[in-house]
Amino acid sequence: QWVYNILEKKAEADRIIHENPDPSNGFVLVPDLKWNQNQLDDLYLIALVHRREVKSLRDLTAEHLPLLRNVLQEGKEAIAKCFGVPASQLRIYLHYQPSYYHLHVHFTALGYDAPGSSVERAHLLADVIDNLAMDSMYYQKRALTFALRADELLFKKFQEAGKV
């Protein structure tokens, strides 16, 4: 609901850094709650797409390339304009597994060791775009490795199913 409140401007409307209102290929860029916005060393923003049916990396196909390219290009431009941080100093990625199931993209300072920015969980947006350009169904076919903590519900489900 938090995501929908932002997209509908019922919450945090004053925190929006950039918005592309297109219902198919648009998104809202907001500072992540983990970032206090006082220094750029730990810059952390989230792009929330307007499309509600796209839940995670697994849902993406070549049909979503215009959306993903918009997020990448406009997100980089907005951050450069608002914060003076060039694209070369950004890490732009999606999580798999995500912490919530509404497609969102993380923008962090390259030098910031953000939670979940490690290779086991983060998939660089530029790589995702390239993979989908090569094979529209890449993320439906590809085995994706991800780490889970022992106390996570999903880990317990894998244990119960005998998959761990």
Side-chain angles (χ1 to χ4, degrees), residues 2-3 6-7 16-35 40-149 152 154-155 158 163-164:
W2 168 77
V3 170
I6 292 172
L7 293 173
I16 294 174
I17 301 299
H18 174 78
E19 180 176 17
N20 177 327
D22 184 274
S24 235
N25 299 319
F27 66 99
V28 170
L29 184 67
V30 294
D32 188 277
L33 296 173
K34 294 180 212 63
W35 184 40
L40 297 178
D41 292 344
D42 58 353
L43 176 134
Y44 198 146
L45 295 102
I46 300 286
L48 303 165
V49 303
H50 285 299
R51 293 178 70 158
R52 293 183 184 213
E53 78 280 5
V54 187
K55 304 294 184 194
S56 79
L57 188 61
R58 286 284 188 204
D59 295 325
L60 295 173
T61 65
E63 172 209 343
H64 301 104
L65 285 171
L67 167 65
L68 299 173
R69 288 178 177 135
N70 277 354
V71 170
L72 181 63
Q73 189 58 40
E74 292 179 26
K76 291 189 299 189
E77 290 170 0
I79 290 169
K81 181 180 175 185
C82 291
F83 303 106
V85 177
S88 63
Q89 296 303 305
L90 295 173
R91 179 179 292 117
I92 306 164
Y93 56 95
L94 296 87
H95 282 150
Y96 190 79
Q97 294 277 337
S99 52
Y100 52 93
Y101 286 89
H102 179 96
L103 190 71
H104 58 285
V105 177
H106 302 258
F107 288 78
T108 62
L110 191 57
Y112 176 47
D113 187 19
S117 64
S118 62
V119 70
E120 295 87 9
R121 188 154 179 222
H123 297 263
L124 296 176
L125 181 55
D127 291 345
V128 170
I129 290 169
D130 286 348
N131 290 337
L132 291 171
M134 285 188 299
D135 180 352
S136 178
M137 302 301 287
Y138 184 87
Y139 290 100
Q140 282 75 41
K141 298 176 192 175
R142 177 78 163 78
L144 296 172
T145 302
F146 55 91
L148 292 171
R149 291 187 318 270
E152 289 186 67
L154 186 56
F155 181 79
F158 276 116
K163 302 288 183 183
V164 179

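FYI, side chains are in, hydrogens and waters are out, and symmetry mates aren't considered; it's all heavy atoms of this structure. These numbers come from a predicted model, not from an experiment.
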Could you tell me whether a side-chain N or O of Lys55 sits under 3.5 Å from a main-chain N or O of Arg52, the two making a donor and an acceptor? yes
Residues Arg69 and Ala133: closest non-hydrogen pair is NH2-CB, 4.3 Å
Taking every non-hydrogen atom, the tightest pair across Ala62 and Ser136: N-OG, 3.1 Å
Considering all heavy atoms of both residues, which atom of Asp59 and which atom of Val54 are nearest to each other, and what is their separation? OD2-C, 3.7 Å
Can you tell me which residue among His104, His123, His106 is in a ring pair (Phe, Tyr, Trp, His ring centres under 6.0 Å) with Tyr93? His106
Donor-acceptor check, side chain of Arg58 to backbone of Tyr139, threshold 3.5 angstrom: yes or no? yes
Under 3.5 Å, is there a donor-acceptor pair between the Glu19 and His50 side chains? yes
For the student: nearest non-hydrogen atoms of Leu110 and Arg91, plus distance: O-NH2, 3.2 Å
Are Val105 and Phe27 side-chain neighbours, meaning at least one heavy-atom pair lies under 4.5 Å? no
So how far is it from Ile46 CD1 to Lys34 NZ, rounded to the nearest 0.5 Å? 6.0 Å
Can you check whether Leu40 reaches Tyr112 side chain to side chain, under 4.5 Å on heavy atoms? no
Report yes if some heavy atom in the side chain of Arg142 is under 4.5 Å from a heavy atom in the side chain of Asn131; otherwise report no. no
A side-chain contact here means heavy atoms from C-beta on lying under 4.5 Å apart; do Leu48 and Tyr100 qualify? yes
What pair of heavy atoms forms the shortest contact from Ala47 to Leu29, and how long is it? N-CD1, 3.9 Å
When every non-hydrogen atom of Leu45 is compared with those of Phe83, the smallest separation belongs to CD2-CE1, 4.0 Å
Atom pair CD (Glu74) and CG (Asn25), whose distance is rounded to the nearest 0.5 Å: 9.5 Å
Kindly indicate whether the side chain of Thr61, heavy atoms from C-beta on, has any atom under 4.5 Å from the side chain of His64. yes
Is the shortest side-chain heavy-atom distance between Leu43 and Leu90 below 4.5 Å? yes
Show your reasoning for whether side chain to side chain contact (heavy atoms under 4.5 Å, CB included) applies to Leu94 and Leu60. CA-CA 11 Å; Leu94 296 87; Leu60 295 173; 4.2 Å; yes
Side-chain heavy atoms of Lys81 within contact of Glu77, under 4.5 Å: no
Output the distance between atom CG (Asp130) and atom CG (Leu65), rounded to the nearest 0.5 Å. 9.5 Å
Below 4.5 Å, heavy atoms only, C-beta onward: do Leu68 and Leu103 meet side chain to side chain? yes
